[in-house]
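Here is the structure we will look at, set down as structure tokens.
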2 protein chains.
Amino acid sequence: MAHEDKIVEYVSRYVSLSVSEVAQLSVSFKEIKVKKRQFIVQPNFVAQHRYYVLNGAFRAYVVDDNGQDHTIAFAIDDWWITDYNSYILQQPATMFVVALEDSAVLQMDYKSEQELKSSNHKFETFFRIRAERTAAFMQQRIISNLTQTAEERFERFVEKYPLIVQRVPQYALASYLGMTTEFLSRIRNKRTTKKS
Amino acid sequence: MAHEDKIVEYVSRYVSLSVSEVAQLSVSFKEIKVKKRQFIVQPNFVAQHRYYVLNGAFRAYVVDDNGQDHTIAFAIDDWWITDYNSYILQQPATMFVVALEDSAVLQMDYKSEQELKSSNHKFETFFRIRAERTAAFMQQRIISNLTQTAEERFERFVEKYPLIVQRVPQYALASYLGMTTEFLSRIRNKRTTKKS
DNA sequence: CGAATTTCCTAAACCAGATCATTTTCTATT
DNA sequence: AATAGAAAATGATCTGGTTTAGGAAATTCG
């Protein structure tokens, strides 16, 4: 499948597109190569794009007053990423989004997205569903953070996203799950010794 | 302002409505009175409605395996509430939603919402914006939980939502902020003695 | 290749916040 | 205004997870 078509396939999971709509969608995205450690979003700049990951891995994080970073989101193949607050509300970003591997993404810019949504009810529907799913996903994470212990959060994450666990550095996963890398190391160690 | 018109005013903040659209919107909502301690969403039943609060106060919470409850959301006048995951994905709810006071709400049911959205691009836009704001709000909460101490979370909450602090019981606020009611009590006490 | 830099792991002291137990204050209802 | 029940406060103790510090392994890059 050509790269430009992956996004068509993605959107088609939610709304069925005519030939002309497919064309309109395709031209709204631009393929970009991103090198490992390169930033695609930085604090204090308004996030102008949202990104659909063709292949690679990304991490979005904030740095707190004590200089510690906290991972807000991951994205690998077929996921989306940006500083959501910044992009949606067109406010200065508070997050970094960085490539964890050499990657390829499709870049959608804010204006094109607005045009897509206002020109065609179907695209509006697509982005509405995306936003709903995003909210539902985030609510699950809030519940998980409130109700589960560090160990349970890790176990659940491994079950749900084994591919991500394999691909991201441990310090990034620890800070996503709201614990230190030392503690995650302890959990992992306990688990593997238990099994043997 | 008549109760049925409050929702028109609300939706009009995001999209401008014609006379016929106003009519269509109004009939999609039903006004309901809810007594204090009455539940409007319960676990294992699919949430059939979302609720716009005309006046009153609500609390959404989950009960974990140890029997402890965790507040997921509050809603007072002019806010929305339901079990979002259940309503959006039409899956069995995991949350309770209960009235903290005698209240009045406008009830939107799932089917009517779908019809509204598919019949008219404007309503689709409205719900898309709602979902985006919800996601942005939740992301802020995730960041706050990851980066701030219990005390900082409380201080921030007081600044942002002073009206809610005054209206909800302390144990509910503590469980929303991810701490015990005892600990919140200590924080509050420390604060007031510091000031005098 | 080999040096430098990241990443990962271990261990022990330490602390923010939880738990437990009891008392005090608030709120409803009769 | 009396009684009961729920909510909030307070003190004592405990613990899950952090901090600090160090070393081992893996990646990166000249």
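Side-chain atoms are counted along with the backbone in the values below, which use heavy atoms only and exclude waters and symmetry mates. Proteins get letters first, then strands, A, B, ... in listed order; numbering begins at 1 in each.
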Going by the side-chain hydrogen bond (donor to acceptor under 3.5 Å, both in side chains) test, which pairs reach into residues 173-182 of chain A, not counting sequence neighbours?
A/T71-A/S175
Starting at the 5' end of DNA chain C and moving along, which residue's nearest nucleotide shows up first, B/K36 or B/R153?
B/R153
With A/D77 via salt bridge (charged side-chain N to carboxylate O under 4.0 Å, His left out) - residues at least two apart:
A/R167
Side-chain donor-acceptor distances from residues 88-95 of chain A under 3.5 Å, at least two apart:
{"residue": "A/Q90", "atom": "NE2", "partner": "A/A47", "partner atom": "O", "Å": "3.2"}
{"residue": "A/Q90", "atom": "NE2", "partner": "A/Y87", "partner atom": "O", "Å": "2.9"}

Is the distance from OP1 or OP2 of C/dA18 to the nearest side-chain N or O of B/Q68 less than 4.0 Å?
no
With sequence neighbours excluded, residues passing salt bridge (charged side-chain N to carboxylate O under 4.0 Å, His left out) with B/D64
none
For residues 29-48 of chain A, which residue pairs qualify under ring-ring contact (aromatic ring centres under 6.0 Å, His included), counting only residues two or more places apart or in two chains?
A/F39-A/F96
Residue list, salt bridge (charged side-chain N to carboxylate O under 4.0 Å, His left out) with B/K35, at least two apart or on another chain
B/D102
From CG of B/L177 over to P of C/dG17, roughly how many Å is that when rounded to an integer?
12 Å
Anything under 4.0 Å to a heavy atom of chain A counts; send over the first and last such nucleotide of DNA chain D, read 5' to 3'.
D/dG17 to D/dC29
Under the salt bridge (charged side-chain N to carboxylate O under 4.0 Å, His left out) rule, collect the residues that match up with A/R128, sequence neighbours excluded.
A/E132, B/E124
Evaluate whether atom CZ of B/R37 has more than 12 neighbouring non-hydrogen atoms of other residues, nucleotides or ligands under 6.0 angstrom away.
no
N/O-N/O pairs, protein side and nucleotides 6-13 of chain C side, under 3.5 Å:
{"residue": "C/dC8", "atom": "OP1", "partner": "A/Q170", "partner atom": "N", "Å": "3.1"}
{"residue": "C/dC8", "atom": "OP2", "partner": "A/Q170", "partner atom": "N", "Å": "2.7"}
{"residue": "C/dC8", "atom": "OP2", "partner": "A/Y171", "partner atom": "N", "Å": "3.4"}
{"residue": "C/dC9", "atom": "OP2", "partner": "A/Q170", "partner atom": "OE1", "Å": "3.1"}
{"residue": "C/dC9", "atom": "OP2", "partner": "A/Q170", "partner atom": "NE2", "Å": "2.5"}
{"residue": "C/dT10", "atom": "OP1", "partner": "A/N189", "partner atom": "ND2", "Å": "3.1"}
{"residue": "C/dT10", "atom": "OP2", "partner": "A/N189", "partner atom": "ND2", "Å": "2.8"}

Sequence neighbours left out, what passes ring-ring contact (aromatic ring centres under 6.0 Å, His included) with B/F58? Give chain and number order.
none
Determine to 10° how strongly the helix from C/dC1-D/dG30 to C/dT30-D/dA1 is bent, judged from the axes of its five-pair ends.
60°
Would you please name every residue forming a ring-ring contact (aromatic ring centres under 6.0 Å, His included) with B/F127, sequence neighbours left out?
none
For B/H70 and C/dA18, what is the distance between atoms NE2 and P respectively, to the nearest whole Å?
11 Å
